[in-house]
2 protein chains.
Amino acid sequence: MFDVDNAAAKNVLAYIRSLTAFKDKSWEQLYPALSIVTFKKGEYLLEEGKVCQSLFYISEGYCRAYYNKDGKDINTAFFFENDMATNVSSFGQGEPSEYAIQAMEPLTAVKFDKQLLFAAAGQDPDIQVLGRKCLQMIAAKQEKHAAIYKLMSGQERYEYMETNFPELLQRVSLSHLSSWLGVARETLSRIRGRRE
Amino acid sequence: MFDVDNAAAKNVLAYIRSLTAFKDKSWEQLYPALSIVTFKKGEYLLEEGKVCQSLFYISEGYCRAYYNKDGKDINTAFFFENDMATNVSSFGQGEPSEYAIQAMEPLTAVKFDKQLLFAAAGQDPDIQVLGRKCLQMIAAKQEKHAAIYKLMSGQERYEYMETNFPELLQRVSLSHLSSWLGVARETLSRIRGRRE
DNA sequence: GCTCTTTTGTGACGATCGTCACAGGTGCGG
DNA sequence: CCGCACCTGTGACGATCGTCACAAAAGAGC
C-alpha cells in the first residue's frame with residue numbers, strides 16, 4: 001500500500017503541485033495508481049524489448065537510458081531527482097522499448113502504473129491535465145537536448161554541461177558521460193585536458 | 001470564419017479522428033479556435049525570438065524548423081502534410097522561440113490559436129485528450145529522431161532516410177538536408193557518390 | 001533562348017577524431 | 001595487505017570530415 005507519509009510520496013506530491021493545481025480529491029483518485037519502488041545499482045526500471053508499463057518519478061538516486069549498439073552502450077539520457085523517467089513511445093503506443101533504463105545508484109522512485117493511471121484519468125480531468133503537463137515537460141526537455149546536440153561540437157557540449165549542469169558531471173562517470181556527449185571516452189579526456 | 005467544407009478542414013478533422021474518438025459536440029467546441037492560413041515560400045509560421053501562440057496542422061506543402069548559429073542555418077526538423085508543427089517549449093511555457101519555422105513551399109495549414117484552444121479545452125475533456133495525444137506524437141517523434149542522431153553516423157543516417165523517408169529526399173534540397181543530417185554539404189555529396 | 005541564381009559535385013589540405021594499446025589511479029572485498 | 005575490477009589519462013596512427021575554392025548542372029524569370 002502506498003504510504004503517503006513516506007519521503008518519496010511527499011516529493012512526488014510536491015512535484016505534482018508544481019505542475020498543476022491539484023485538489024485533494026484528485027490526489028485520492030491518483031494515489032492508488034502509485035507505488036514506491038526501490039532499485040539496487042545496476043537493476044532495470046525498464047528492459048530493452050519490454051513494453052513500458054509505467055512512469056517513474058525519481059525521488060532519490062539516478063538512472064540512465066541507453067541503447068545497445070553492436071554490443072556497446074550508448075547513453076541517451078540521465079534522470080535525476082525530481083525527473084520523470086519513461087519511454088514515451090513505448091508507454092504511449094505499446095511498442096517494445098528500443099532501449100533500457102537502469103539505476104546507476106541505489107534508487108527510490110514512485111511508479112505510476114499505466115492501467116491504474118488511465119483508469120484514474122478517466123475519472124478526473126485534472127489527472128488528464130497532469131499527464132499533459134508531464135508530456136510537455138518531457139517534450140521540452142528533449143527538444144532542448146536535441147538542440148545542444150545539433151548546434152554544438154563535443155567540446156561545446158561539455159562546456160555547456162559544465163556551466164549548466166555541474167552536478168551532473170559530479171555524479172556521472174566520464175565513460176558514461178562521453179557516450180552521452182557523442183564523443184569517444186579518450187576524446188572527452190582530451191577535451192578536459194585542453195582547458196585549464 | 002472557418003470553412004468546414006474546405007479541404008484543409010477535412011484533412012485536419014480526419015487527422016483528429018485518427019488520434020481520438022471525437023464527438024460532433026467536441027468538434028463544434030473546437031473549431032472556433034481554428035483558422036485556415038496560407039504561407040508563400042519563405043514566409044514564417046514562427047519567427048525566432050517570438051513566443052509561439054499556435055499549433056499548425058500542415059495540410060499542404062512543407063516547412064522547416066531551423067536555428068541560426070553564427071549566421072548559418074541549421075535545420076532541426078521538417079514538417080510535411082499531416083504533421084503538427086510548433087515549438088513545444090515556447091508554446092507551453094511562453095518562452096521566446098530559439099528557432100524559426102519557415103515555409104519551404106507554398107503552404108496551407110490549419111492554425112490552432114492558443115488562447116481559444118485552451119478555452120475550448122476547459123469546456124471539453126476530449127479536447128484535453130486530443131492535446132495530450134498530439135504531445136505524445138511530438139515527443140515520440142523527437143525521441144526517435146534523437147535516437148537515429150545518437151546511434152548512427154552521417155552516412156547511416158542518410159541511408160536510414162533513404163529507406164524510411166524516401167519522399168523527404170525528393171522534396172528537400174541536399175543543402176538543407178545536410179545540416180539536418182549533421183554533416184557538411186560536401187560530405188553529403190560524397191556520401192551519395194560513394195554508394196551506387 | 002539567354003542570363004542570373006541556386007544547387008550540386010570535386011579536388012586539395014589541414015584539423016580533428018576514433019581506435020588501439022598501455023599505464024597510473026582508485027576503490028572494494030577477501 | 002593484496003588482488004582485482006573499473007575508471008581515467010596519454011601516445012601514436014590512420015581515417016574521416018570540414019573548409020576553401022572552383023566548375024558543372026539545373027531552374028527561374030524575362
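Quick note on labels: first sequence line is chain A, next is B, and so on, each numbered from 1.
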Review point. Is there a donor on the side chain of R190(B) or the base of dG18(D) sitting less than 3.5 Å from an acceptor on the other?
Key: no
Check your understanding: What is the distance from CD1 of I191(A) to P of dT10(D), rounded to the nearest Å?
Key -> 14 Å
Check your understanding: Whole-Å distance between dA5(D) P and K41(A) NZ?
Key -> 16 Å
Review point. Can you find a heavy atom in the side chain of R194(A) that is under 4.5 Å from one in the side chain of I191(A)?
Key: yes
Check your understanding: Rounded to whole angstroms, how far apart are CD on Q155(A) and P on dA15(C)?
Key -> 16 Å
Study note, to complete from the structure: With B for base contact, S for sugar-phosphate-only contact and - for none (protein heavy atoms under 4.0 Å), nucleotides 22-30 of chain C reads ---------
Review point. Charged N to carboxylate O below 4.0 Å: is that the case for D24(A) and R17(A)?
Key: yes
Practice item. With a 4.0 Å heavy-atom cut-off, tell me which residues in residues 165-173 of chain A come close to DNA chain C, sorted by residue number. Key: none
Exercise for review: Scan residues 174-183 of chain B against DNA chain C and write down, sorted by residue number, each residue with any heavy atom closer than 4.0 Å; if none is found, say none.
Suggested key: L174(B), S175(B)
Point to revise | Interatomic distance where CZ belongs to R192(A) and P belongs to dT8(D) [whole Å] | key: 8 Å
**Study point:** Rounded interatomic separation in angstrom, taking CG from L188(B) and C1' from dG18(D)
**Key:** 14 Å
Check your understanding: Hey, are E156(A) and K69(B) close enough for a salt bridge, meaning a charged N less than 4.0 Å from a carboxylate O?
Key -> yes
Check your understanding: Which nucleotide in the set dG18(C), dA21(D), dA21(C) lies at the smallest distance from any side-chain heavy atom of A184(A)?
Key -> dG18(C)
Revision key, fill the gap. Atom CD of E186(B) and atom C1' of dT8(C) are separated, to the nearest Å, by 10 Å
